[in-house]
Undergrad: 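Take a look at the following structure, please.
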Amino acid sequence: MKSMWVDAEARQFSGDLALRVFTSRLLGRDKSLVLHGGGNTSVKIIEKNAFGEDEELLYVKGSGWDLEKIEAAGFSPVRLDYLRRLAQLPSLPDPQMVNELVTHMTVATAPVPSVEAILHAILPYKFVDHTHADAVLTVTNTADGEARVREIYGDRVVVIPYVMPGFDLARLCAERFPAESGPDTIGMVLLNHGIFSFGSTAKESYERMIVLVGMAEDYLRERGAWEMSAAAARPAKAGTRAELAQLRNRLSSAAGTPVVMKRHADEKYLAFAQRDDIASISQQGPATPDHVIRTKRLPMVGQDADAYAEAYRRYFAELEPLAKDRKTILDTAPRIILDSDLGMCTVGRTAKDATIVAELFDHTIDVILRATALGGYRALTAKDIFDVEYWDLEQAKLRKGGKPPVFTGEVALVTGAASGIGKACVEALLARGAAVVGVDLNPNIESLYARPDYLGIQCDLTSEGTIGQLLERTAETFGGLDMLVLNAGIFPGGCRIDSLKTEEWQRVMRVNLDSNMILMRETHPLLKLAPRGGRVVVIGSKNVPAPGPGAAAYSASKAALNQLARVAALEWGSDGIRINSLHPNAVFDTGIWTEDVLAARAKHYGLTVEEYKKNNVLRTEVTSRDVAELAAEMCGPLFAKTTAAQVPVDGGNDRVI
Ligand code: ZN
């Protein structure tokens, strides 16, 4: 483990708080030290108050901030003498402790201070760093963890037995630390939780953390418990989209709300899931209370979708009397499934949640494997896990959360999504909480958004094999499919029937009609398993009810697609799948309509560009966004009782009316 301190970089940060920001980010950069908002840091600073008096403040990491990206505003200034007094109280319920922290800040708009604030306050050093380092957790999460910690560190650290985070832990440290620290003390290890380092400068405190964690790594390395090879005995099962969708469907119905499920079939997860001792080593509990809160209890290890769903259902039934409402239950449900064929599947209310769970458990696997190699992984007891899960602070957080967006936990696929109406549909669906797969011929589709709830796939929809691969990736990334927006299509240049080439006619049919039929056929098994029922939206055209001369292939292809949608509505209604069409016209903010083309068309009709754009009954411009918003609404509760509808979105067209 190497220090990432660089003098030249550090010089850009002047002052104690700025340097606190700098070394906090250094800790945050190393995922083996802190992950996803885990860990916290502080600095003690004297400032003048409104009366011109000196006041000692603890700037401690505020909740909701991640060390890697923290700014000065992410630290909450709390009056230090008050915190030290609190630490002397015999007891203090945690919600009241949080209230005391918040009401003793000097900046009203600062974030809520970390629940570990009092612990930072009682350590008599200017800078304090706290991480949940993998190497330290590995050593402490063994049967003789405490003895090993003492063997590694001697009197360099004070060792604190496991107590749940919160006031009781701070109080225990306030008692133990002064009694047990000596001249060589540079840190404090909290068994089954993490490690603290401290110092008089930001650099000293940070580098002591690196030294201490490095000692744990060396200890593991020397005992052959560091480098872990992962070779799966059997390859990952392929072609599992129906199986994954089935599993997600069962988990969603057990949870009472749709969930996103991500499959991770890399060698590491597969090898872990295929271990003979997986049923025991995976069931020992998370490595630190911080992970309990995020990954929730234990992974499920089982046989098939039915077994997992049954475990899930049993789990809910067990929790029902304890939880205040369904949402609370979901938030405490297991999030990880280990399967010898599938690898690891992580479950979340959103794609982001499922991603975070995967990253945390990735580190947990390292900890478990290394601790097992060291002699046996032993984590928190079931009671300790339960206490953290049902910590009143966590429960309060859950209750505070407002109503989630309408498509939270659902998955949509949009074709022709790199620009225009398709891109606007992706945005409208993301804004409503869905995880979205965007498909396009244009390779830009892959980098359209960098966020965990978006997957861009470059794909030629006229190839049947490609469609299969596309749906495999969709199911592996998000667990299934709930909504399909058929938008991709081509509009070739005007050509009258008497000179229409066969190949041109067939090309338009292939893209606008055939590929949509194949996509519908192939997505049907997934849409059928959508927890809230599948939905298909067809982006049709004004040309369906009102075709134009010179657009035979286009108009015929869209009309045929329209008829296909009507038949699908009849056939799929009993599967709970609804399909609706919308017919846009004259949407000019798309790729094909350059300013030159617009100007030429306007001139052709003897209109200005402005008049041409609004050449409809309502004299209004129709944008991609207008079409996309309607498409998204058609997937929502407003259209829950509607299938086979055709809705124009064209500002009113006298030929259609
Ligand atoms: Zn901690």
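In this chain, numbering begins with 1 at the start of the sequence shown.
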Undergrad: Is the shortest side-chain heavy-atom distance between Val102 and Pro113 below 4.5 Å?
TA: yes

Undergrad: Taking Asn49 for the side chain and Glu53 for the main chain, is one N or O donor matched with an acceptor at less than 3.5 Å?
TA: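 Present.
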
Undergrad: Working to the nearest 0.5 angstrom, can you tell me the gap between His104 NE2 and Ser76 OG?
TA: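 Taking NE2 in His104 and OG in Ser76, the distance rounds to 14.5 Å.
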
Undergrad: Less than 4.5 Å apart, side chain to side chain, heavy atoms only: is that true for Val21 and Glu71?
TA: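 They are not in contact (no side-chain heavy atoms under 4.5 Å apart), so the answer is no.
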
Undergrad: Salt bridge check, Arg84 against Glu56: does any charged N sit closer than 4.0 Å to a carboxylate O?
TA: yes

Undergrad: Could you walk me through whether Arg221 and Asp218 pass the salt bridge (charged side-chain N to carboxylate O under 4.0 Å, His left out) check?
TA: CA-CA 5 Å; Arg221 215 174 263 120; Asp218 292 343; 3.0 Å; yes

Undergrad: Would you please say whether a donor-acceptor pair under 3.5 Å links the side chains of Glu207 and Ser3?
TA: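 The answer is yes; a qualifying pair exists.
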
Undergrad: Heavy-atom distance under 4.5 Å between the side chains of Phe75 and Ser24, does that happen here?
TA: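 Yes, side chains in contact.
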
Undergrad: Could you state the interatomic distance from CE (Met97) to CD (Glu100), rounded to the nearest 0.5 Å?
TA: 10.0 Å

Undergrad: May I ask you to check whether Phe177 and Phe198 place their ring centers less than 6.0 Å from one another?
TA: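 Close enough - the centres of the two rings lie under 6.0 Å apart.
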
Undergrad: Heavy-atom distance under 4.5 Å between the side chains of Leu455 and Arg473, does that happen here?
TA: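 Result yes, sub-4.5 Å side-chain heavy-atom pair found.
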
Undergrad: Taking the side chain as everything from C-beta on, heavy atoms only, tell me whether Arg451 gets closer than 4.5 Å to Leu430.
TA: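 In contact.
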
Undergrad: So do Ile195 and Leu190 actually touch side chain to side chain, heavy atoms under 4.5 Å?
TA: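 No, every pair of side-chain atoms sits at 4.5 Å or beyond.
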
Undergrad: Evaluate side-chain contact (heavy atoms from CB on, under 4.5 Å) for Leu338 paired with Ile278, printing each intermediate quantity in order.
TA: CA-CA 9 Å; Leu338 297 167; Ile278 188 64; 3.9 Å; yes

Undergrad: Between Asp54 and Lys48, does any NZ, NE, NH1 or NH2 come within less than 4.0 Å of an OD or OE carboxylate oxygen?
TA: yes

Undergrad: Side chains of Glu204 and Tyr125: is there a donor and an acceptor less than 3.5 Å apart?
TA: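 The criterion, which ignores hydrogens and geometry beyond distance, is not satisfied for Tyr125 and Glu204.
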
Undergrad: Please check if any side-chain donor atom of His130 sits under 3.5 Å from a side-chain acceptor atom of Asn40, or the reverse.
TA: no

Undergrad: Would you indicate whether the side-chain heavy atoms of Leu191 and His193 approach each other to under 4.5 Å?
TA: no

Undergrad: Any carboxylate oxygen within less than 4.0 angstrom of a Lys/Arg side-chain nitrogen, looking at Arg29 and Glu9?
TA: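 The answer is yes: the pair qualifies as a salt bridge.
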
Undergrad: If you compare all heavy atoms of Ala431 against all heavy atoms of Pro405, which two are closest, and at what distance to 0.1 Å?
TA: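 Where Ala431 meets Pro405 most closely, the heavy atoms are O-CB, 4.4 Å.
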
Undergrad: Can you see which heavy atom on Met1 is nearest to which on Gly214, and at what distance?
TA: CB-CA, 4.0 Å

Undergrad: Could Arg223 and Tyr219 be counted as a cation-pi pair, given that NZ or CZ must be under 6.0 Å from the ring centre and within 45° of the axis?
TA: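 Yes; both conditions hold, so Arg223 lies above the ring face of Tyr219.
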
Undergrad: Checking side-chain polar atoms at under 3.5 Å, does Ser197 have a donor or acceptor matched by the opposite partner on Asp129?
TA: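 Looking only at side-chain atoms, Asp129 and Ser197 do not form any donor-acceptor pair under 3.5 Å.
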
Undergrad: Are Arg349 and Asp353 close enough for a salt bridge, meaning some N to O gap below 4.0 Å?
TA: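 No, this pair does not count.
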
Undergrad: Please give me the minimum heavy-atom distance between Ala133 and Val213, naming the atom from each residue.
TA: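 Ala133 and Val213 have their closest heavy atoms at CB-CG2, 3.7 Å.
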
Undergrad: Would you kindly say whether Tyr59 and Glu47 are connected by a side-chain donor-acceptor distance under 3.5 Å?
TA: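 Per modelled atom types, Tyr59 and Glu47 side chains form a pair under 3.5 Å.
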
Undergrad: Show the numbers, then the answer: is there a side-chain contact (heavy atoms from CB on, under 4.5 Å) between Leu86 and Leu92?
TA: CA-CA 8 Å; Leu86 286 178; Leu92 183 65; 4.2 Å; yes

Undergrad: Distance from Arg20 atom CZ to Thr201 atom OG1, nearest 0.5 Å?
TA: 10.0 Å

Undergrad: Determine whether the aromatic ring centres of His264 and Phe361 lie less than 6.0 Å apart.
TA: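 No: the rings miss the under 6.0 Å criterion.
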
Undergrad: Are the side chains of Arg275 and Thr372 in touch, meaning some heavy atoms are under 4.5 Å apart?
TA: yes

Undergrad: So which atom in Ser114 and which in Leu101 form the shortest heavy-atom distance, rounded to 0.1 Å?
TA: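 Reported closest heavy-atom pair: O-CD1, 3.6 Å.
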
Undergrad: Aromatic ring centroids of Phe22 and Trp5 under 6.0 Å?
TA: yes

Undergrad: Kindly give the heavy-atom pair with the smallest separation between Val149 and Val159, and that separation in Å.
TA: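 Closest heavy-atom pair between Val149 and Val159: CG1-CG2, 3.9 Å.
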
Undergrad: Please indicate whether Asp277 has more than 12 foreign heavy atoms, meaning atoms of other residues, nucleotides or ligands, lying under 6.0 Å from its CG.
TA: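 Atom CG in Asp277 is packed in, count exceeds 12.
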
Undergrad: Supply the atom-to-atom distance Leu220 CG to Trp226 CH2, rounded to the nearest 0.5 angstrom.
TA: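 So the gap between those two atoms works out to 6.5 Å.
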
Undergrad: Please find the pair of heavy atoms, one from Lys262 and one from Pro452, that lie closest to each other, and give the distance.
TA: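 What the structure gives for the nearest pair is NZ-O, 4.0 Å.
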
Undergrad: Is Asp30 salt-bridged to Arg25, going by a charged N under 4.0 Å from an acidic O?
TA: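 No, this pair does not count.
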
Undergrad: Inspect the surroundings of NZ in Lys31 and state if more than 12 heavy atoms from other residues, nucleotides or ligands are less than 6.0 Å away.
TA: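 Yes, the 6.0 Å shell around NZ holds more than 12 heavy atoms from other groups.
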
Undergrad: Report the distance from atom CG of Asn192 to atom CD of Glu146, rounding to the nearest 0.5 Å.
TA: 10.5 Å

Undergrad: Using a strict cut-off of less than 4.0 Å between a Lys/Arg side-chain nitrogen and an Asp/Glu carboxylate oxygen, indicate whether Asp266 and Lys268 qualify as a salt bridge.
TA: no

Undergrad: Of the options Ile45, Leu83, Val43, Ile118, which is the one that meets Leu58 in a side-chain contact (heavy atoms from CB on, under 4.5 Å)?
TA: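 Only match with Leu58 under side-chain contact (heavy atoms from CB on, under 4.5 Å): Leu83.
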
Undergrad: Go through the steps for Met209 and Leu27 under the test side-chain contact (heavy atoms from CB on, under 4.5 Å), then give the verdict.
TA: CA-CA 9 Å; Met209 177 63 73; Leu27 290 177; 3.9 Å; yes

Undergrad: Apply the test side-chain contact (heavy atoms from CB on, under 4.5 Å) to residues Lys61 and Glu116: give CA-CA distance (whole Å), side-chain angles for both, the deciding distance (0.1 Å), then the verdict.
TA: CA-CA 9 Å; Lys61 195 197 89 158; Glu116 280 163 342; over 6 Å; no

